[in-house]
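Encoded as structure tokens, the structure appears first; notes follow it.
Along the sequence shown, residues carry numbers from 1.
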Amino acid sequence: MSINKSQLPKYHFFATEIDYKIPTNNKKILAGNWCHNHSTLEKEQSENIEIIKDCWENYDQKSKDYTFLQNILDQYCEALTLYLNKYNKENFPSSFWRIVIFPWLSLYLSSQLYRWRLVNKILQERKSFSFFSFPDDLINKPTLDTTDYGYLIGNDNEFNYLHFKRILKYLKKKGHEIIFIDKLLDVKIINKNKQKNRFEKIKFYFFEIIDNMLLSLSKNNNIYIEASTFRKGDYFKINFLLKQFPTFFQKLFKYPLENKNFRKFKVDEKKRIDIPFENNIEFEENNDFIQYINSSIRRDLPLYFLEAFSELKKSVEKIKISPKTIVSCFAHCNNDKFNLWIASNNLKNNSKIIFVEHGGGNYRKFPYLLKSERKIAHTHVSWVTPKYENEIQLPANKFLNFNINRKYKKYLSYVEHGSTLFPEKFGARQNIPESNLQNIINFQNLLNEEIFNKLIYLPLKIYNYGSVQEIKSIIKDRYINKPHSLTKYLNRTKLVVCSYPETPFYESILTGPTILLYNFSSDVVDEKFQKIYSELVKNKIAFSNPKDVSLHINEIWNDIDKWWSSKDVKNTINDLLLATCQIQDDSINIWAKFLKNEIKKNI
């Protein structure tokens, strides 16, 4: 049925880049900068565009939503325990399913609420709008597991379009004035049944042989330590002190290699819907959002929890090690097979779970996993002074015996704050690529020419955003498009400007002069650490805008050590490290002693 253009609303809503490419004469309302691939040039060229402000820029809204998500997280875990047991014909307790599904559920609820807030904000302000509607079957992408969901919700236009459209369809049924305009979509069909590369098959089986040997050699280990918890040399030393064989698996718990075998599974939508989802989610506010999630969560659950669960469970049962203590740093955040293995060992062997902080982001008041990991781990090892009952501080596991000297002090190194195309977790900001670009433009305009010509740009990952192309046009060959660029260039750096206060900031500050350029108003600091971050600002170690940074760099460049070695700066850095990234001379032995004590407690 054709739509009379005169009857269309004044505004047209764009959710992603794929629908943004279709022209319209109506006022364009964009869900975010991702619609134009984070290109500021595209944004500036059109006066007919309005981009909705980040709904979590408002502190009160962000704080309320965080509390709300924490509350419904527990309730949905209980409801999903019943559903998953019925679907899989199991009888696992909620404590088992909590370990398995909390990472996905935390990510899912946060990302869905963010998109829900955006759409409702537009409806509140504009009352009505039109929206281009593509056929769902062309862009439907079921998720295999938590990692898959995180990648798609953070980077995939079609996946995000589908979720935005689903919210819009739900709200239209509730009486909101949303006009859907049918459009066709040119989608490239990718053959997913491509024959595996022969080399990949050989590599796969070779890694499997190595892992089987490692499993055999480590079958008597009382403690399993995820290899990425420490740097390689430190990992081997700690295992040596524990008198056990290190488990440096090549395929086991490695997402890209293992998950290929599970891609054969398909969504059984009829079975998913036929099994009732008995929920009694209660919350005074946001009832519409809860009802929306209730209508969609069965369709959105990863294959690993439903259609592929039986085979996943069998693959876990083949892992012939049963440690009494399990230490995880990264894997518990997104590796569902690893979490199923943890849950099984916890249930059958009463294995104790220790989660270790994997980076320097624990200053946040609103951690992105909604603090769910603290409800799972028996002990949580943190970089920061303890904030919770089951938390302890040990020397930062990534910097045991860390020693890099800046021998050739030449460059002004800008460390990029990386981001996904779309916000994928709680607190993720949508304008990070634009902020990186604006920082570089300001440096170009404000730094002394001699200093700016020594600026190199160290990206976190390889991105194809519009803003990245603009940065490259300014920086040219000083854009270092290489993996691990900070590690490679740190010893040739005179001054680091780090654009976010996480692991690279600590890696830099431990080796020499470093400045933090970060707007803390966009990322709330826990009250416990506000004083120390205020001291960073006071002593010109941290700045919130590139103008002040540029003036400071111009002032200190010819004698950086005078500023860096000053008493106030040194004391502030020592206080920061003591509170948020403890460094000790005997770090490896301290860790080994802690782990030995944990083994004794759990035998």
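Heavy atoms only, all atoms of each residue included: Y235 and I225 are closest at OH-O, 3.1 Å. Here the shortest heavy-atom pairing between I451 and N554 reads CD1-OD1, 3.5 Å. In plain terms, the two heavy atoms of S550 and N442 that are nearest each other are OG-O, 4.1 Å. Pairing each heavy atom of I326 with each of F338, the nearest pair is CG2-CZ, 4.2 Å.
For P367, the side chain to side chain contact (heavy atoms under 4.5 Å, CB included) criterion is met by Y66, K371, not counting sequence neighbours. Under the salt bridge (charged side-chain N to carboxylate O under 4.0 Å, His left out) criterion, E507 pairs with no residue at all, not counting sequence neighbours. Residues forming a side chain to side chain contact (heavy atoms under 4.5 Å, CB included) with P103 (at least two apart in sequence, or on another chain): T146, N339.
Under 3.5 Å, the side chains of T493 and R406 contain no donor-acceptor pair of N or O atoms. A donor atom on one side chain and an acceptor atom on the other are not found under 3.5 Å apart for D60 and S63. A side-chain donor from one of D65 and W56 sits under 3.5 Å from a side-chain acceptor of the other.
A heavy-atom distance below 4.5 Å is found between the side chains of P386 and Q393. Residues I49 and Y20 meet the side-chain proximity criterion, which asks for heavy atoms closer than 4.5 Å. When side chains are defined from C-beta on, D561 counts as touching K409, because their heavy atoms get closer than 4.5 Å. You'll find the side chain of P395 reaches within 4.5 Å of the side chain of L400, heavy atoms only. Contact annotation: the side chain of N397 never approaches that of V381 to less than 4.5 Å [non-hydrogen atoms, C-beta and beyond]. Residues F426 and L109 are not in side-chain contact: their nearest non-hydrogen atoms beyond the backbone lie 4.5 Å or more apart. L421 is not listed as a side-chain neighbour of N160, based on a closest heavy-atom distance of 4.5 Å or more. Side-chain contact between L551 and L446 is absent, with no heavy-atom pair separated by less than 4.5 Å.
No donor-acceptor pair closer than 3.5 Å links the side chain of E416 to the backbone N or O of N436. Without hydrogens or angle criteria, E17 side chain to N157 main chain gives no donor-acceptor distance under 3.5 Å. Side-chain atoms of D526 come within 3.5 Å of backbone atoms of K528 as a donor-acceptor pair (strictly under, hydrogens ignored).
Interatomic distance, L437 CG to K472 NZ, rounded to the nearest 0.5 Å: 13.5 Å. Atom CG in D145 sits 14.0 Å away from atom OH in Y151 (nearest 0.5 Å). Atoms SG and CG, on C498 and L516 in that order, are 6.5 Å from each other to the nearest 0.5 Å.
Taking the six-membered ring for Trp and thresholds of 30 and 60 degrees, H36 and H38 have ring planes more than 60 degrees apart, a perpendicular arrangement. W591 and F230 have perpendicular rings, their planes meeting at more than 60° on a 0 to 90° scale where under 30° would count as parallel. Between Y59 and F366, the two ring planes are tilted [angle within 30° to 60°]. Ring geometry for W383 against Y506 counts as perpendicular: the plane angle is over 60°, on a 0 to 90° scale with 30° as the lower cut.
Among the candidates L73, L369, L69, L370, the single residue satisfying the side chain to side chain contact (heavy atoms under 4.5 Å, CB included) test with L105 is L73. With respect to R364, the salt bridge (charged side-chain N to carboxylate O under 4.0 Å, His left out) criterion is satisfied by exactly one of E357, E527, E502: E502.
The distance between the ring centers of Y149 and F159 falls below 6.0 angstrom. The distance between the ring centers of Y518 and F505 does not fall below 6.0 angstrom. Taking the six-membered ring where the residue is Trp, the centroids of Y457 and Y414 are separated by under 6.0 Å.
Environment of NZ in K398: crowded, with over 12 heavy atoms of neighbouring residues, nucleotides or ligands closer than 6.0 Å. Counting non-hydrogen atoms of neighbouring residues, nucleotides and ligands closer than 6.0 angstrom, the NZ atom of K488 exceeds 12 such neighbours. Shown here is D585, whose CG atom has no more than 12 heavy atoms of other residues, nucleotides or ligands within 6.0 Å.
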Should L577 and L510 be marked as a side-chain contact (heavy atoms from CB on, under 4.5 Å) after you check the CA-CA gap, both sets of side-chain angles, and the distance that decides it? CA-CA 9 Å; L577 295 177; L510 286 167; 3.8 Å; yes
Determine whether I440 and L455 satisfy the following criterion, side-chain contact (heavy atoms from CB on, under 4.5 Å), listing intermediate values before the conclusion. CA-CA 9 Å; I440 297 303; L455 188 148; 4.2 Å; yes
Walk me through whether F543 and H552 qualify under ring-ring contact (aromatic ring centres under 6.0 Å, His included). CA-CA 10 Å; F543 296 82; H552 182 56; 5.4 Å; yes
Apply side-chain contact (heavy atoms from CB on, under 4.5 Å) to L412 and F452, showing your working. CA-CA 8 Å; L412 171 62; F452 181 74; over 6 Å; no
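Under the 6.0 Å distance and 45° angle rule, R231 does not count as a cation-pi partner of F402. Y489 carries R492 over the face of its six-membered ring, with the cationic atom under 6.0 Å from the centre and within 45° of the normal.
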